[in-house]
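One structure is given here, and the rest of the page talks about it.
Heads up: numbering here begins at 1 and tracks the sequence.
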Amino acid sequence: MSSAHWHARVECGRDTGAGFLVSDRHVLTCAHVVRNSGGPAVAVSFPHRKDLGTVGAAVGAHGGWDGRGDDPGDLAVLELDRPVPIAPAGFAPPDHAYAEPRPRLVAYGFPRGYEEGTLAEYRATAAQLIADEWIQLEAWSAHGQPLAAGFSGAAVALADSGLVVGMVAAAARAADVRNGRMLPAPVMARYWPRLAELIPAPGQGRAARQRLRDLVERAEKDPARTGAPERLYLDAVGPLGPPVPPGGFASLWSAAWYVLWEVDVPGAVERFADRLSGLVDVPPTHGPTHAASHSAPGGLPAPPAAPDRRPAPAWSPILVEIARSGAGGDQVLVEVSACRDGRRHPVGSRTLTRGQVRPYVQELIDEAFGQLSPDAAELIAFVLPREWLNEPVAHWARSADDPTPLGCSYPLVVTDRSRHAGGLRHQLARKWERLDGKATTAVHRVDCGADEKPGKLRFRLRRDEADLAGFAAPPKSACLNAHFDVSLNAPAPVLLWPRAECRGHGAGTDADLRTRCAGSTFLDRLTECLSHLPPNELPLHVLALREIADADDEPDRHWARDMQLLWDDPRCFPDVAAAPLRSPVS
């Protein structure tokens, strides 16, 4: 370490810290070290290369730190006025800092009284991130140099190899506590994605990282060709992979970085790169694209949605149709059929009491799969009377011998039977032609105690200002029943709601209801998880959410446990208003 020339001293006005060279023109340090860089010049020197003198620098990139020690993003990238002839720091695989036994880590800083610098010896307490940002450091011994002012921005390196694993970001405030915090290298790469190519990724060689870097650089020159980075991420990790982090991805590189270092899904990096290669290597499309007609903040027209070049799932639905039978109040006609090549292939039909429906449907769904081709994208669609729309069909057991919920076995949706004929079917088909060109879903919230009048909601939906109407409570809730009927009749292509009655009802203002209502939390998570996805793929991702909820330690408390998805693309469903297989009263 004493011969590592890449250690740097950083001065900005009265503040002094450390840094380290990562290219011939770039030094990394803490943002709080150069907090006053808008005034005094930033000066960088290299204690092991005094012949280079002081080099001026400017802040070229910033992690977003906004002034408090515990704020995230405490990273600054300094661009030197001139290149320096020093070999930059090398990086170790991130997990090398947490091997057993814990390796000795060293940092080179410039506390008061040490103009030439000094070393501090520490080790990582654990691999667990604090607040998803920092690794805790603890002193290697009780008598060594403590982390103090002047160590901020110092590289934290493995003592035996000198390879960097992170950067000192903070020290304990109490004088008798000998610990601190570092930003591990992958977290630094969140804020400066160019760093990602320098850090060995688990299972990924330099060639794979460089390929991904090259693809991202090419794609960033024409972002309209790739669409939202969330799409690429979800393609890479699959429906059961980690969800898109809150707030989405700020750039394509941040999504690529997240796949490299935050996702433990086999083949995810390769799928991300292959998908990106397919987008940047095809000729651009110059024809018209379907654009969303909603408005951006301030009343300005929103930019058109980027075209979705991945083929939409060619759903092969298994229809479970339930209708009033005319044979008595407790009797319904149940028909099950498989859809293939645009035609319905009947499997069975019977008039049953409500209690007999579930076992009959379980039996016939298995038979219906025999009518589908082996590579079909199956979709279970319950076509229900309006009063049945909240029926817990997603929780029905897969079969008499398999208690796995249907909604955790296949993509499963419900549709409103009254919308499958006439003018509403025609309007829905036109709406889905618009949605085909969208890579994201515009979600409109309908909270408990909603102050939006039903007529205004109808106007919004008919103008295609929303693709999905999300409700905080089920259809028959007193505060939302009129809004629900309006959404069905507008018609809204997609509706989502929690089947359980909202527990926030009671006395109080509308604002009080929204604050207390569990449905508000449902809508927050719904928007976070689904707004980055194309409408045509929602059944697949709702399946993943249902599986996650069912596998939770407390499944009954999971926000997605009772999610009901009404997803209605009539182009997938041959006309279900045709005559039944036999007379319902025979």
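In this structure the side chain of V77 never reaches within 4.5 angstrom of the side chain of Y191, judged on heavy atoms. At least one side-chain heavy atom of R181 sits under 4.5 Å from a side-chain heavy atom of I130. Contact annotation: the side chain of L364 never approaches that of E335 to less than 4.5 Å [non-hydrogen atoms, C-beta and beyond].
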Kindly indicate, with the supporting measurements, whether the criterion salt bridge (Lys or Arg N to Asp or Glu O under 4.0 Å) is fulfilled by R430 and E433. CA-CA 5 Å; R430 290 179 58 187; E433 287 177 0; over 6 Å; no
Go through K431 and D436 one step at a time and tell me if the salt bridge (Lys or Arg N to Asp or Glu O under 4.0 Å) criterion holds. CA-CA 9 Å; K431 287 178 179 288; D436 281 344; over 6 Å; no
Verify ring-ring contact (aromatic ring centres under 6.0 Å, His included) between F272 and Y233, making sure each step is shown before the conclusion. CA-CA 7 Å; F272 191 99; Y233 171 79; 7.9 Å; no
Full working for salt bridge (Lys or Arg N to Asp or Glu O under 4.0 Å) between R561 and D552: CA-CA 9 Å; R561 170 68 173 175; D552 193 76; over 6 Å; no
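Note that CG of L195 and CZ of R190 are 13.0 Å apart. Values are rounded to the nearest 0.5 Å. To the nearest 0.5 Å, the span separating CG on L406 from CZ on R358 amounts to 9.5 Å. Here the CG-OG1 distance, from L533 to T440, works out to 9.0 Å after rounding to the nearest 0.5 Å. Rounded to the nearest 0.5 angstrom, L435 CG and N536 CG are separated by 8.5 Å. To the nearest 0.5 Å, the span separating SG on C448 from CZ on F522 amounts to 11.5 Å. In this structure, CG in L526 is found 8.5 Å from CZ in R445, a value given to the nearest 0.5 Å.
Residue W567 is tested with L412, L496, L379 for a side chain to side chain contact (heavy atoms under 4.5 Å, CB included); the sole match is L379.
Ring-plane geometry between F382 and W396 is classed as perpendicular, the angle between the planes exceeding 60 degrees on a 0 to 90 degree scale with a lower cut at 30. Taking the six-membered ring where tryptophan is involved, the planes of F369 and Y410 are tilted, since the angle between them lies from 30° to 60°.
Here the side chain of R499 pairs no donor or acceptor atom with the backbone of P474 at under 3.5 angstrom. A donor-acceptor contact shorter than 3.5 Å is absent between the side chain of Q136 and the backbone of A124. Proximity of a side-chain donor or acceptor of Q356 to a complementary backbone N or O of T353 within less than 3.5 Å is detected.
Around the CD atom of Q128, the shell of radius 6.0 Å holds no more than 12 heavy atoms that belong to other residues, nucleotides or ligands. When the shell of 6.0 Å around CZ of R271 is examined, it contains more than 12 heavy atoms from other residues, nucleotides or ligands.
Contact check on E452 versus R460 returns a salt bridge, with a Lys/Arg side-chain nitrogen under 4.0 Å from an Asp/Glu carboxylate oxygen.
Taking the ring axis of W388 as reference, the NZ or CZ atom of R354 stays within 45° of it and closer than 6.0 Å to the ring centre.
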